[in-house]
Amino acid sequence: MLEIKNLHVSIEDDGTEILKGVTLTVNAGEVHAIMGPNGSGKSTLASVLAGRDGYVVTEGSVIYKGVDLLDMAPDKRAREGVFLAFQYPVELPGVSMANFLRQAVNSVREHRNQKVLSAMEFLKLMKEKAQLVQLDPSLKQRAVNEGFSGGEKKRNEIFQLAMLEPTLAILDETDSGLDIDALRVVSEGINSLRSSDRAFVIITHYQRLLDYVIPDFVHVLVDGRIVESGGKELALKLEDQGYDWLKPTESDPITA
Amino acid sequence: MSSSDTKYLREVESSEYEHGFFTDIEADKAPVGLSEEIVRFISKKKEEPEWLLEWRLKAFKRFEALVDEHATPEWAHLTIKEIDFQSICYYSAPIQRPSLDSLDEVDPQIIETFNRLGIPLAEQQRLTGVAVDVIMDSVSVATTFKAELAEKGVIFCSFSDAVRDHPDLVKKYMGSVVPYTDNFYATLNSAVFSDGSFCYIPPGVHCPMELSTYFRINEAGTGQFERTLIIADEGSYVSYLEGCTAPQRDEHQLHAAVVEIIAHKDAEVKYSTIQNWYPGSEEGVGGVYNFVTKRGICSGSGSKISWTQLETGSAITWKYPSVILKGDNSIGEFYSVAFTKGRQQADTGTKMIHIGKNTRSTIISKGISGGRSQNSYRGLVKIQKSATNARNFSQCDSMLLGDRSGAHTFPYLEIQNSTAQVEHEATTSRVGEDQIFYCKQRGISEIDAIKLIVNGFCKEILAQLPMEFAVEAQKLLAIELESSVG
C-alpha cells in the first residue's frame, strides 16, 4: 500500500536535512509504530506524507497504492484515503463540526463514487461514530476544536478518522497529553477501526500507547534514519533502555 | 503566505463579476449634467407637488455651494478620483411608467434579468411570502402584496407614490433624521433623488411579512439616488430587507442613497442589507461608488433599531448606518460584514449617539480583505451628558486574505457622562495556513476551506439576517470567494 524508498527531506526555509534516507513498506491491514527521540524526524515524516507545505523532498520516492504520493495535492491525498491525526489539532472558529465534517465526508465519498450523504444520514453517522471515542453528540454544534480540552481534541481526531474511513491512517503523537483514561478511550477507538484493508502508521514517543494498540512492526527513527526495526517487543526494550543504545557512533554505524 | 495561497488569491482577484450583464431596456432619460433645470425636470417628470420641488431646490443650492467650496468629504481612508458631477445622468426611468396590477404586465425582459440574478419574483411571492418592491433603475416597476399589507394598515410603496398618496407623512418625516444639509452626498441626494421606498407601520402592528426591495443600476452612466423612509409607529415592528446587484459597466457609477428610519415608542425596526454593486475590474477600472447615508432615530422610549449589513460590492463603499438613541431605554444595533477584494475600498462602520437614559448599543463588525483591497472600520460611540447609564459594546474583527490587503480600525469614543459603560474589542487575524491545511487534510479543497473559515468568521453576523436572506448572503459570500477557474 505504502512504499517509502530512501526518502530525504529538508526544511524549505533553511535547507536543514531532517530525513536522511527513510525506507519503509506498509501493507494493508498492518499497524506500524514509529518511535524515536525528540527531533528525530517522526513528525516531519507524517507531515511529508500528508503534504504539508514547508518541506522539500530532495531524494527518494513515496508510492501509495501504486502511484506517486508526492505528486498529489494534500486534499487529493486525503480523498485517496490518507488521513493524518494531527499532533496539534487546529481550531476553526465559527465552523461547526457538522458543517466541517459533512463537507469533508462528502468530498471523500464523491471521490470514491459513493452516494453523497443527506443531512439525516450524515447526522446519524456522526452520532454513531462519536460513540466510538465517547464524544458527546452535542459535538456537532461546536466549532471545530474551539474550546475543546486537550483530550477532546485527540478524541476528535480519531472520531474524524472513523468518519472518513481512510485506507492509510497516520497518527502523529496522538497519545501525547492524554491521561490514562483518555488514552484507553482513544486506543479502543483505534482498535475498533483496525481492519484488513486499512493500515496504521502510529508515531509515538512513548511505548505506553502500544500497550493498548498492539503493533505488527516497530521502527526506531534516529536522526532521520530508521535504525532498528522489529516486532512489538522492540517497543518494550526501548521503554526499558531508552534510545541511547541506538544512537549511531562515528565508528560503528548501526544498520537495521 | 504560501505560494498556493497567493495563487488562490490571484484567482479570486481575477474572478469575473457574476452578475455583470446588461439588459437592454429603453429608458426615459434626463440630459447629462446637473443644474437647476435638471432638478426641475426630475420633479416635473415625477409630477411632484410644489413643496417638494422647493425642498429639492434648497438642497441643490446647498450642493452648489459645497461644490464651490470643494467640500467633498475627505476624512475617510479612501482614495477617490475626482467625480465629475456634470458627467452624470440624474434621471432614467423605464419607458413604460408602470401602474401594474400583476407581474404579467411587467416587461418580460425585466423578469428575465431578475431570473438571471436568481431572484424569481413570482416564486418568491408564492413561496416566501416576501413582498417585493422592485426598483429597476429609478422607478418602481412592480409592487406586490400591497393588498395584504393594506389590510393591516401598513403602507409599503415607492417613494413617489408616497409623495402622491401620503404627502403629510412624507412631509413630516423626510429630512427629519438626515437633513438635506447633513453631508455632501445626502445633499446631492436630496436635490436629485429619483425614487425609493416608503414604509409606514401603524401603531401596534407587527408587520405580517418581511419587506424587501431589490435595487439595481441598469443604464450606462446613470447614477442612482434612492431615498428610503421607514416609520414605525408606537409599538409596531417591521423587518426590512434590501439587496442589490449591478451589471458590469466600465465607467464609475455614483450611488448616493439616503435611508431614514424613525422608531416611535416601543417600536422595533430591523433593517438588513446585502450590497453587491459592481466592484470594478481587477485593475480598479469601473465599479460603483457607494456613498450612502443611513440613519435611524429611536425617538420614543423602549424603541429599537437594528442594522445588519453584508457589504461585498462597490469599488468604494462609504457608509455608516447609525442610530440616534433619543428615547430612554432604547436600543441600537449594528452588525456588519464587509468583504473587499481586488482594488476595492471600504470605509464603513456606524455611529451610536446616546441621548436617552439607559440606552444600549451593540456594534459587531467583521471585515475581510483580500487582493489589494483596503477595508476600514470607522465607528463613533457618543454618550451625551443626558445619557445616564448608557452601555455600549463594540467588537471589530478583521481577517486578511493574503498579504497585499489592508485592514484598519478607527474607533472614536466621546463620553460625557461618567455612568457610561463602554467596551471595545478588536482583533486582526490572517486565514491561517495551518487552518487551510487542516481542512485539506480532510479532503476539502482550498477554496472550500477558505469559504468554511470565512463563513465561520462571519457566523454571528449572518445569524442576524432573516432566514432566506441568510441563505442568499452565504451564497453571495461563496461567489465572492470563488475563483472563476474553479
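From a predicted model like this one, the values you see are computed outputs, not experimental measurements. Convention: sequence-line order gives letters A, B, ...; per-chain numbering from 1.
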Look at A:M163, A:R52, A:E91, A:E12 and state which one has the largest set of heavy-atom pairs under 4.5 Å with chain B.
A:R52

N-O pairing of A:R102 and A:E121 below 4.0 Å:
no

From the list B:Q435, B:K459, B:Q441, the residue making the most non-hydrogen contacts under 4.5 Å with chain A is B:Q441

What part of A:R77 gets within 4.5 angstrom of chain B, counting heavy atoms only: side chain, backbone, both, or neither?
neither

Mind running side-chain contact (heavy atoms from CB on, under 4.5 Å) on B:R391 and B:E423 for me, showing each step along the way?
CA-CA 8 Å; B:R391 303 267 180 281; B:E423 285 176 70; over 6 Å; no

Give, as side chain, backbone, both or neither, the part of A:P166 having an atom under 4.5 angstrom from any heavy atom of chain B.
neither

Quick check on ring-ring contact (aromatic ring centres under 6.0 Å, His included): which of B:Y271, B:Y335, B:Y240, B:F334 does B:W307 satisfy it with?
B:Y271

Chain B contact via A:Q160 - side chain, backbone, both or neither, heavy atoms under 4.5 Å
side chain

Is it true that atom OH of A:Y55 has more than 12 heavy atoms of other residues, nucleotides or ligands lying nearer than 6.0 Å?
yes

A:E152/A:R142 salt bridge by N-O under 4.0 Å criterion
yes

The interface call for A:L84 against chain B, heavy-atom contacts under 4.5 Å, is both

Electrostatic pair B:K366-B:E460, nearest N-O below 4.0 angstrom:
yes

Is the distance between the ring centroids of B:F410 and B:Y377 under 6.0 Å?
no

Whatever's closer than 4.5 Å to a heavy atom in chain B on A:E80 counts as neither

Measuring heavy-atom distances to chain B, does A:F100 have an atom under 4.5 Å in its side chain, in its backbone, in both, or in neither?
both

Part of B:C458 lying under 4.5 Å from any heavy atom of chain A:
neither

What part of B:F457 gets within 4.5 angstrom of chain A, counting heavy atoms only: side chain, backbone, both, or neither?
backbone

